[in-house]
Amino acid sequence: MALGCVTIVTIFIFCFMLHASEAIIVGGNSLHVGFYDNTCPQVEKIVADVVDNAISEDRGLAAGLIRLFFHDCFVNGCDASILLDSTPSDEPVEKESPANGKTIRGLEIIDEIKDQIEEQCPATVSCADILAFATRDAVVHSGLSNYPVPAGRRDGLSSRSADVLGNIFGPKSSVDEITEGFIRKGLTVEEMVVLTGAHSIGKSHCKFITERLYNHSSTNTKDPNLDDAHANYLSRKCPARGSLLAEFLGKIGLGGFFVDELGNLVDLDQVTPVILDNAFYINLLHRRSLLQSDQAMAFHPRTSEIVQRMAVDQREWSKKFTMAMNQLGRVDVLTGEQGEIRKNCRAVN
């Protein structure tokens with residue numbers, strides 16, 4: 001969840017669990033579990049089957065879907081605007097922003113789901129709801145318990161790259177900047193810390209961590225909040241430009257850091273890289289976080305106590321995480337007669 005931050009991350013990134021009879025009220029309309037029971041009862045099975053097949057072939061797609069959902073919801077609400085290739089205004093769309101661009105993943109999964117659903121239930125299920133269901137299934141595939149997802153979102157009619165800046169955070173964003181961003185979206189500090197736990201899966205590019213290793217400040221080459229042993233490990237994964245190791249990796253065909261401007265990929269969590277768990281918080285306490293913005297949560301007065309609680313109780317974190325995902329999924333949604341139900345998730349009707 002960063003300004004061009006990671007290829008397969010999520011974030012990067014609440015208050016109650018919904019049961020089948022409960023609903024979230026949004027602007028006089030409601031999201032509720034079982035929204036498609038009468039109009040497209042097979043929708044969640046279709047989504048789950050496609051997501052399961054895709055992630056079975058590429059485990060990294062789970063983090064990609066979670067990140068896609070976060071980047072959609074945090075810009076103009078959970079309206080699937082990030083999926084649009086173009087709009088009638090011809091302005092650059094969200095996916096063209098540097099925060100997305102080369103690093104965005106999971107679009108083809110949504111396309112496949114939409115195609116299958118349109119065959120069964122034409123003009124019925126929104127792309128925004130498909131993305132919410134697919135994200136839930138990515139979470140479940142990564143080790144957490146299944147949870148009900150309220151639906152009833154409608155699809156947005158616009159998408160602007162310019163709207164991404166200021167809404168998506170970078171790897172050097174401060175805890176205060178990120179916290180205030182979550183609060184603007186109606187989320188709490190705890191929910192911010194809990195959702196950032198999505199960084200227990202996925203990868204980041206070397207480009208976004210090399211400053212922590214080689215050029216942190218005028219007084220410290222290495223980030224003092226980075227464990228020495230972990231820094232040595234990361235230095236082998238992301239050698240400095242011009243180093244003998246970098247030259248050697250180039251000669252044997254492993255010098256991706258110098259071929260691709262984003263650099264090699266490094267697991268956000270080196271212990272359980274494809275499992276959603278509270279190891280992320282344990283890493284924070286041991287100064288083994290990959291991203292500077294994550295590591296800062298372990299020491300900031302607004303977040304350190306929450307980090308400590310999440311680190312000692314996997315069950316508490318996992319319960320709060322699934323609840324927080326539903327809270328994220330209600331951010332600035334379109335419902336009722338707002339927006340539309342797209343026939344193709346990449347284009348307005």
Side-chain angles (χ1 to χ4, degrees), residues 1-13 31 47 50-51 54 60-115 117 125-139 149 151 153-170 181-182 184-185 187 195 198 202 325 327-335 338-349:
M1 69 182 202
L3 188 56
C5 177
V6 283
T7 292
I8 317 173
V9 172
T10 54
I11 337 339
F12 336 100
I13 3 178
L31 304 183
V47 175
V50 173
V51 170
L61 286 170
L65 284 169
I66 297 171
R67 180 172 183 258
L68 187 65
F69 185 57
F70 177 85
H71 279 221
D72 182 50
C73 292
F74 251 63
V75 177
N76 283 314
C78 305
D79 65 349
S81 54
I82 197 171
L83 305 179
L84 290 170
D85 284 342
S86 62
T87 64
S89 72
D90 288 329
E91 291 183 80
V93 293
E94 290 173 32
K95 65 174 63 171
E96 296 178 53
S97 165
N100 298 313
K102 296 180 180 180
T103 68
I104 198 169
R105 300 195 71 200
L107 298 171
E108 294 78 10
I109 299 175
I110 304 302
D111 291 338
E112 182 178 348
I113 294 169
K114 183 63 171 175
D115 288 345
I117 290 176
V125 181
S126 70
C127 300
D129 279 341
I130 289 172
L131 182 53
F133 290 144
T135 302
R136 182 267 312 278
D137 295 326
V139 168
V149 172
R153 300 166 189 82
R154 305 267 291 180
D155 297 324
L157 302 174
S158 65
S159 179
R160 298 184 344 124
S161 174
D163 294 337
V164 176
L165 294 176
N167 285 302
I168 300 299
F169 315 107
F182 271 73
R184 286 196 300 270
K185 302 299 181 182
L187 305 174
L195 284 173
M325 289 298 291
Q327 285 293 83
L328 174 62
R330 66 179 291 190
V331 170
D332 296 333
V333 295
L334 304 176
T335 60
Q338 300 171 315
E340 65 179 9
I341 304 296
R342 287 185 216 142
K343 299 175 182 178
N344 177 345
C345 290
R346 292 177 180 260
V348 297
N349 294 339

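Among all heavy-atom pairs drawn from A134 and I113, the shortest one is CB-CD1, 4.2 Å. Among all heavy-atom pairs drawn from A132 and V149, the shortest one is CB-CG1, 4.1 Å. When all heavy atoms are compared, the tightest approach of M325 to F69 is CE-CD2, 3.8 Å. In terms of heavy-atom proximity, L195 sits nearest to L328 at CD1-CB, 4.3 Å. Taking all atoms of both residues into account, the shortest heavy-atom contact from G202 to A63 is CA-CB, 3.6 Å. Of all heavy-atom pairs spanning T87 and L84, the tightest one is CG2-CD1, 3.9 Å.
A salt bridge links D111 and R346; the closest N-O separation between the charged side-chain nitrogens and carboxylate oxygens is under 4.0 Å. Ion pairing between a basic and an acidic side chain is recognised when a charged N comes within 4.0 Å of a carboxylate O; D85 and K95 show such pairing.
In this structure, the side chains of L334 and R153 stay at 4.5 Å or more apart for every pair of heavy atoms. Using a 4.5 Å heavy-atom threshold, the side chains of N76 and D332 count as separate. Counting heavy atoms from C-beta on, the side chains of I341 and R154 come closer than 4.5 Å. Counting heavy atoms from C-beta outward, L187 and F74 have side chains that approach closer than 4.5 Å. With contacts defined as side-chain heavy-atom distances shorter than 4.5 Å, the pair L68/L83 qualifies. With contacts defined as side-chain heavy-atom distances shorter than 4.5 Å, the pair I168/N100 does not qualify. Considering only heavy atoms from C-beta on, V47 stays 4.5 Å or farther from R136 through its side chain.
Within the 3.5 Å criterion, the main-chain N or O of K343 finds a donor-acceptor partner in the side chain of N349. A donor-acceptor pair under 3.5 Å is formed between the side chain of S159 and the backbone N or O of S81. A donor-acceptor pair under 3.5 Å is absent between the side-chain atoms of D72 and the main chain of C78, judged by distance alone. A distance-only check finds no donor-acceptor pair linking the side chain of E112 to the backbone of I109 [under 3.5 Å]. Between the D79 side chain and the V333 main chain, no donor and acceptor come within less than 3.5 Å of each other. A donor-acceptor pair under 3.5 Å is formed between the side chain of R342 and the backbone N or O of G156. Of the possible donor and acceptor atoms, none in the side chain of D137 sits under 3.5 Å from a partner among the backbone N and O of V51. Proximity of a side-chain donor or acceptor of R160 to a complementary backbone N or O of D163 within less than 3.5 Å is not detected. Without hydrogens or angle criteria, K114 side chain to V125 main chain gives a donor-acceptor distance under 3.5 Å.
Using bins of under 30°, 30° to 60° and over 60° for the plane-to-plane angle, the ring pair F182/F169 lands in the parallel bin.
Interatomic distance, CD1 of I104 versus OG of S97, reported as 9.5 Å (0.5 Å rounding). Distance check: E340 CD to S126 OG gives 10.5 Å after rounding to the nearest 0.5 Å. To the nearest 0.5 angstrom, C73 atom SG is 12.0 Å from N167 atom CG. Annotation: the span from I117 atom CD1 to F133 atom CZ amounts to 8.0 Å, rounded to 0.5 Å.
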- Task: Kindly indicate, with the supporting measurements, whether the criterion side-chain hydrogen bond (donor to acceptor under 3.5 Å, both in side chains) is fulfilled by E96 and S161.
- Result: CA-CA 6 Å; E96 296 178 53; S161 174; over 6 Å; no
